[in-house]
Amino acid sequence: MEYNFKQIETKWQKRWQEQKTYRVEVDESRPKFYVLDMFPYPSGAGLHVGHPLGYIASDIYSRYKRLCGFNVLHPMGYDAFGLPAEQYAIQTGQHPAVTTEQNIARYREQMDKIGFCYDWEREVRTCEPEYYKWTQWAFLKMYDHYYSNLTCKAEPIAELVAHFAQKGTEGVDAACTTPQNFTADEWAAMSEEQKEGVLQNYRLAYRADTMVNWCPQLGTVLANDEVKDGLSVRGGYPVEQKRMKQWSLRVTAYAQRMLDGMDSLQWSESLKEIQRNWIGRSEGAQMFFDIKDSERKLEIFTTRPDTIYGVTFMVIAPEHEWVEELTTEEQRAAVEDYIAQTKKRSERERIAETHRVSGVKTGSYAINPFTGKAIPIYVSDYVLAGYGTGAIMAVPAHDSRDYAFARHFGLDIVPVVEGGNIEVESYDAKAGKMINSDILNGMDVKEAIPMMFAEVEKRGLGKKVINYRLRDAIFSRQRYWGEPFPVYYKGEVAYPLTEEELPLELPPIENFGPTEQGEPPLARVAEWKSKEGYPLELSTMPGFAGSSAYYLRYMDPHNGEALVGKRENEYWRQVDLYIGGIEHATGHLMYSRFWNMFLYDLGYVCESEPFKKLVNQGMIQGRSNFVYRIVGTNKFVSLGLKNDYQTQEIHVDVNIVKNDQLDTEAFRKWRPEFADAEFILEDGKYICGWAIEKMSKSMFNVVNPDHIVENYGADTLRMYEMFLGPLEQSKPWDTNGIDGVHKFLRKLWRLFYDREGAFTLNNEEPTPAELKTLHKTIKKIREDIENFSFNTSISAFMICLNELGACHKRAILEPLTVLIAPFAPHIAEELWEAMGHAETIFDAAYPVCEEQYLKESAFEYPVMVNGKLRFKQNYSLKMTPAEIQSDIVQTEGAQKWLEGKAPKKIIVVPGKIINIVI
RNA sequence: GCGGAUAUGGUGUAAUUGGUAGCCACGUCAGACUUAGGAUCUGAUGCCGAGAGGCGUGGGGGUUCGAGUCCCUUUAUCCGCACCA
């Protein structure tokens with residue numbers, strides 16, 4: 001009997017499903033392990049071969065952990081709300097719920113063929129009311145809380161209201177949009193609308209008039225992580241800055257905690273670095289500069305207070321609220337003109353023209369508090385309104401942007417730190433000796449910075465502050481296909497629905513475009529009203545809303561009373577291993593952490609971080625194939641001969657090419673225009689050219705996993721995807737080479753069955769050499785799985801079979817079958833059953849994956865590897881220098897070095913010293 | 001500009017973590033069995049050289065008895081952030 005993967009895989013997939021092999025329950029008697037994949041957005045194109053890479057890795061790890069005795073939670077679901085389904089609906093009128101349903105069915109079918117061990121009873125879909133009820137619930141909780149900097153956690157807004165009633169803003173230290181200042185009497189005198197206006201400054205989910213990223217083509221606002229280089233990440237449409245009233249989440253409140261929390265996470269350094277960068281913490285001084293002939297003080301932010309003696313001018317952003325006030329009559333026309341010009345430039349132009357120097361004098365002067373000198377104040381768009389205070393003190397000698405500006409306008413450049421060549425460029429480094437700086441002269445920059453922080457506070461000029469680049473997340477989208485906000489309006493004032501009214505279900509509509517008045521699609525629904533008849537919010541929540549807490553819902557997916565039950569949460573706690581793409585670094589992975597920390601503050605979850613360990617799988621690129629048509633003919637020339645002709649390169653479907661050799665018959669059938677194609681062959685073959693490109697339909701390089709499963713089986717696909725290279729590395733998909741892995745599985749099969757189909761296993765005692773091979777393999781593979789080095793573990797399997805040769809001994813092959821089960825579960829199950837086991841491997845307990853077995857497999861004697869003698873572990877030997885000289889040491893240099901020394905330990909390979917410890 | 005990562009045969013990669021570079025595969029070549037092979041099996045295969053031998057981990061330099069691995073420098077590619085004061 002030959003290895004019939006089709007039959008085997010169908011059989012076991014069916015059996016796993018029938019027996020609910022992968023169903024998991026809370027079981028306090030066993031240790032838990034939670035392995036999670038980033039759930040997919042079910043697009044219309046289906047899965048290509050790159051998508052399951054991470055799923056296969058997590059599946060292997062889950063199965064391995066299960067074999068080690070852990071109770072493994074390994075769920076899957078769908079991130080089903082989103083733009084593409086809605087764009088498709090606008091074009092075709094087909095309801096997104098319908099297309100989403102179809103796409104999900106297709107995804108499920110494709111995933112099932114690969115043989116994953118998901119507990120499908122825990123599936124979640126973000127677009128279902130039972131699920132998004134909890135997204136809306138979390139939003140209401142955020143609406144109902146503020147962030148206290150005193151307790152460093154979220155607190156009920158009611159407590160803040162009580163405080164205002166008693167003491168006004170006195171003693172309040174909370175994360176807010178605009179700091180407030182009022183007394184208890186003033187609070188009492190406010191109208192309900194005014195009070196709500198104040199509270200919006202504090203709520204963690206709030207509605208405010210802010211500058212937003214507006215994308216006209218998509219007809220919606222976007223969060224910062226959804227915009228790149230002034231274009232929308234989805235679709236690549238231009239994005240402009242616009243002032244709009246929008247819902248936002250106060251993620252900035254958690255900036256410091258997100259930064260601190262990172263220390264305890266097992267994430268890659270690069271990913272942590274991206275998040276640190278995105279949060280962008282910087283320590284600096286907030287300082288006040290007197291304005292000449294005015295009572296006002298201009299507030300600035302600087303990280304370099306040490307350079308204050310080098311300040312020769314000030315700059316404010318064009319959007320700064322004092323621009324008008326600071327502008328003198330003579331300058332008014334020029335300033336207004338400049339601001340009008342800046343407004344005209346789009347965000348994209350502004351980014352593109354980063355190094356263009358522009359600006360204009362306000363005519364006002366500030367007083368340097370340390371030198372008493374009057375310095376001019378400019379307006380320029382190189383200062384951003386959104387960062388710091390929107391105003392800076394300019395130190396041209398030590399900041400390259402200030403330097404460029406000073407050069408352009410002929411302003412003074414006063415060096416205050418020794419170093420660099422001030423004639424040519426600014427000296428920005430935070431190192432060197434202070435000069436021209438009165439009290440600081442002679443100090444090093446590193447001493448001068450803290451000294452100035454103290455000095456600024458002592459003189460009452462300002463204080464030390466911490467600034468973050470992180471912005472609050474804009475939370476509304478002028479779209480249909482998302483979670484509705486559980487909020488209604490009386491006039492301008494927003495009121496939350498009660499928890500009992502959740503879920504607020506998305507009403508069915510037929511026309512998905514914006515209304516004629518430019519309102520979101522929900523405006524078309526006449527009955528989109530609260531119980532009392534007040535209008536409900538028209539926009540919906542963004543894509544990241546539904547994905548922010550889905551890992552919690554998997555713990556207890558059918559709970560109607562809570563997002564997650566206490567017992568379930570305390571058992572599963574957090575995701576132990578999360579596998580997914582790095583593209584979510586500043587989006588989903590930030591929002592999830594924020595969302596989780598908030599729920600942690602309120603006591604709904606027991607861990608402050610959602611994802612303990614995170615592995616980023618690399619991207620799978622496409623490998624395109626080309627044929628070469630001789631210009632003006634329908635003749636195609638093979639790669640090696642193409643230089644003899646004038647040819648045109650044409651993409652050819654990679655599915656009709658094998659090992660770069662074209663199936664010419666299939667090519668003729670591929671497209672009508674090639675039906676009578678002729679070929680110039682080399683060695684009787686047509687060889688195609690190739691290139692690495694993005695995997696996409698237009699390049700004809702999309703490889704469908706279904707095809708691979710059809711031709712080679714799921715086990716081969718799983719192993720080959722892992723064999724391709726290190727998990728975290730991006731690499732092109734190349735079907736060439738898959739034979740090697742397939743051959744390995746056939747070879748494995750033949751150890752159990754001979755050509756006639758007879759079962760060949762016997763109960764003979766293994767030889768020491770066979771045992772050593774087995775133990776070596778067990779050790780190596782366990783280590784490799786723990787390190788996510790799946791490619792090398794597959795190599796180890798291959799070496800093992802090569803070494804075993806035609807060994808049909810049960811004592812060797814039984815543990816090996818268990819070991820291989822995480823990688824190739826179908827064939828392993830089949831062989832396991834053939835050996836007489838009634839249970840599936842994953843229900844059986846077998847000692848291969850127990851610690852004690854690992855210890856037994858360690859050995860310290862030399863082994864033959866590839867015909868060469870190698871030491872598995874360093875071989876230690878105590879010798880005197882005399883012995884070394886007589887027996888071992890051969891190199892002259894080593895002898896010289898050893899003279900007069902008494903080595904304690906010498907590590908050798910035959911004939912040579914490899915390590916000497918004195 | 002700042003930060004991070006990577007660089008090894010024709011190809012994907014490996015290297016006991018400072019100790020005989022190229023494991024395991026793909027591909028190629030030769031052979032066996034075959035009516036046939038895009039099946040199976042065996043062997044060879046880093047480069048140059050007929051050979052002895054020499055060279056070899058992007059380039060240059062250093063530390064070391066010994067460097068793919070550590071340090072300095074440089075180049076190329078990829079990724080993230082970017083008038084963030």
Side-chain angles (χ1 to χ4, degrees), chain A residues 2 228-229 268-278 280-282 284 300-304 307 315 317 350-351 353-357 380-384 386-395 398-402 404-405 428 467-470 582-583 585-586 619 623 658-661 663 685 690 720 723-726 728-732 734-741 743-744 746-747 750 755 780 789 791-802 865-866 868-874 889-898 907-916:
Chain A
E2 269 298 306
K228 211 189 149 193
D229 300 330
S268 72
E269 249 338 285
S270 61
L271 176 54
K272 286 188 190 177
E273 203 53 39
I274 291 172
Q275 288 211 344
R276 282 193 201 106
N277 237 314
W278 189 257
R281 182 186 202 268
S282 66
I300 61 102
F301 174 76
T302 182
T303 53
R304 294 293 302 273
T307 60
V315 186
R350 211 172 146 162
I351 290 166
E353 295 167 12
T354 288
H355 296 290
R356 200 183 74 176
V357 178
S380 172
D381 67 359
Y382 86 86
V383 173
L384 305 176
Y387 186 78
T389 61
I392 61 155
M393 61 177 220
V395 187
H398 305 291
D399 181 285
S400 56
R401 294 150 306 174
D402 297 346
F405 194 85
D428 294 14
N467 235 309
Y468 299 94
R469 190 157 59 218
L470 184 71
I582 194 144
E583 66 271 18
T586 55
M619 279 244 291
R623 185 179 190 278
K658 197 177 175 194
N659 289 348
D660 291 334
Q661 189 183 337
D663 180 340
K685 297 170 186 167
W690 60 271
Y720 187 55
F723 188 65
L724 225 42
E728 303 194 58
Q729 195 174 299
S730 282
K731 58 231 159 192
D734 182 359
T735 308
N736 300 344
I738 197 166
D739 286 336
V741 170
K743 221 183 278 180
F744 161 78
R746 278 207 306 258
K747 226 160 141 180
R750 243 177 285 118
R755 277 169 205 282
K780 169 80 174 151
S789 183
N791 56 327
T792 53
S793 48
I794 293 171
S795 293
F797 278 127
M798 292 176 173
I799 294 168
C800 178
L801 287 209
N802 287 349
V865 179
N866 310 315
K868 294 171 179 175
L869 200 61
R870 283 177 186 265
F871 284 81
K872 180 61 193 154
Q873 291 182 345
N874 284 347
V889 177
Q890 291 188 342
T891 64
E892 208 178 308
Q895 278 186 34
K896 209 168 165 190
W897 185 75
L898 274 169
I907 296 165
V908 299
V909 293
K912 263 190 189 172
I913 288 192
I914 56 173
N915 201 1
I916 300 169

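Just so we're clear, the structure is a prediction, and the values are computed from it rather than from any experiment. Here is the naming used below: chain letters follow the sequence lines, and residue numbers restart at 1 for every chain.
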**Q.** Counterpart base for B:G66, defined by Watson-Crick or G-U wobble contacts under 3.5 Å
**A.** none
Q: Using whole Å, report how far CD of A:Glu728 lies from P of B:G80.
A: 17 Å
Q: Report which part of the nucleic acid A:Asn802 touches: base, sugar-phosphate, or nothing (heavy-atom distance under 4.0 Å, all strands).
A: sugar-phosphate
Please tabulate the protein-to-nucleotide N/O contacts below 3.5 Å involving nucleotides 1-8 of chain B, giving atom names and distances.
none

Q.
Determine whether a donor-acceptor pair (N or O, by modelled atom type, separation under 3.5 Å) exists between the side chain of A:Arg281 and the backbone of A:Arg276.
A. no
(Q) Rounding to an integer number of angstrom, what distance separates B:A82 and B:G3 when you compare their P atoms? (A) 16 Å
Q: Determine the contact category for A:Pro732: base if any of its heavy atoms lies under 4.0 Å from a base atom, sugar-phosphate if only primed atoms, P, OP1 or OP2 are that close, otherwise nothing.
A: nothing
Q: Select base, sugar-phosphate, or nothing to describe what A:Phe723 touches, counting heavy atoms under 4.0 Å on all strands.
A: base
Q | Expected output: side-chain A:Lys747 to main-chain A:Met798 donor-acceptor under 3.5 Å | A | no
**Q.** Complementary nucleotide for B:C78 - Watson-Crick or wobble, under 3.5 Å
**A.** B:G4
Q: Give the rounded distance in Å between these two atoms: CD1 of A:Ile274 and P of B:C81.
A: 7 Å
Q. Taking CZ from A:Arg304 and P from B:C83, how many angstroms apart are they, rounded to a whole number?
A. 20 Å
Q: In whole angstrom, give me the gap between the C1' atoms of B:U75 and B:A52.
A: 37 Å
Q.
Distance check, P atoms only: B:G38 and B:G27, in whole angstrom units.
A. 12 Å
Q: Report the distance from atom CG of A:Leu801 to atom C1' of B:A25, rounded to the nearest whole Å.
A: 13 Å
Q | Counter-base of B:G22, judged by Watson-Crick or G-U geometry with both distances under 3.5 Å | A | none
Q: Can you sort out the partners of A:Phe405 under ring pair (Phe, Tyr, Trp, His ring centres under 6.0 Å), two or more places apart, ordered by chain and number?
A: A:Phe313, A:Tyr378, A:Tyr382, A:Phe409
Q) B:A85 P sits how many Å from A:Arg281 CZ, rounded? A) 13 Å
Q: Could I get the full list of salt bridge (charged side-chain N to carboxylate O under 4.0 Å, His left out) partners for A:Asp428, not counting sequence neighbours?
A: none
Q) To the nearest angstrom, how far is A:Lys272 atom NZ from B:G80 atom P? A) 21 Å
Q. A:Ser789 and A:Thr792: side-chain donor and acceptor closer than 3.5 Å?
A. yes
Q: Could you tell me which residues satisfy salt bridge (charged side-chain N to carboxylate O under 4.0 Å, His left out) with A:Asp399, sequence neighbours excluded, listed by chain and number?
A: A:Arg401
Q: Output all residues satisfying salt bridge (charged side-chain N to carboxylate O under 4.0 Å, His left out) with A:Arg750, sequence neighbours left out; order by chain, then residue number.
A: none
Q) When the distance from CD1 of A:Ile794 to C1' of B:A14 is rounded to whole Å, what number comes out? A) 14 Å
Under-3.5 Å N/O pairs linking protein and nucleotides 26-28 of chain B:
residue: B:C26; atom: OP1; partner: A:Lys743; partner atom: NZ; Å: 3.1
residue: B:G27; atom: OP1; partner: A:Asn659; partner atom: ND2; Å: 3.0

Q | Interatomic distance at P, B:A39 relative to B:G49, whole Å | A | 32 Å
(Q) Quick check for you: among B:C81, B:A85, B:U40, whose closest atom lies nearest to any side-chain atom of A:Asp399? (A) B:A85
Q) In terms of the angle between their ring planes, are A:Tyr387 and A:Phe301 parallel, tilted or perpendicular, with boundaries placed at 30° and 60°? A) perpendicular
Q. With a non-hydrogen cut-off below 4.0 angstrom, is A:Asp402 in contact with a base, only sugar-phosphate, or nothing?
A. nothing
Q. Using atom P of each nucleotide, how far apart are B:U69 and B:G58 to the nearest Å?
A. 8 Å
(Q) Classify A:Ile799 by what it touches in the nucleic acid, base, sugar-phosphate, or nothing, heavy-atom distance under 4.0 Å. (A) sugar-phosphate
Q) Nearest heavy-atom pair of A:Asn467 and A:Gly388: which atoms, and what distance? A) ND2-CA, 3.5 Å
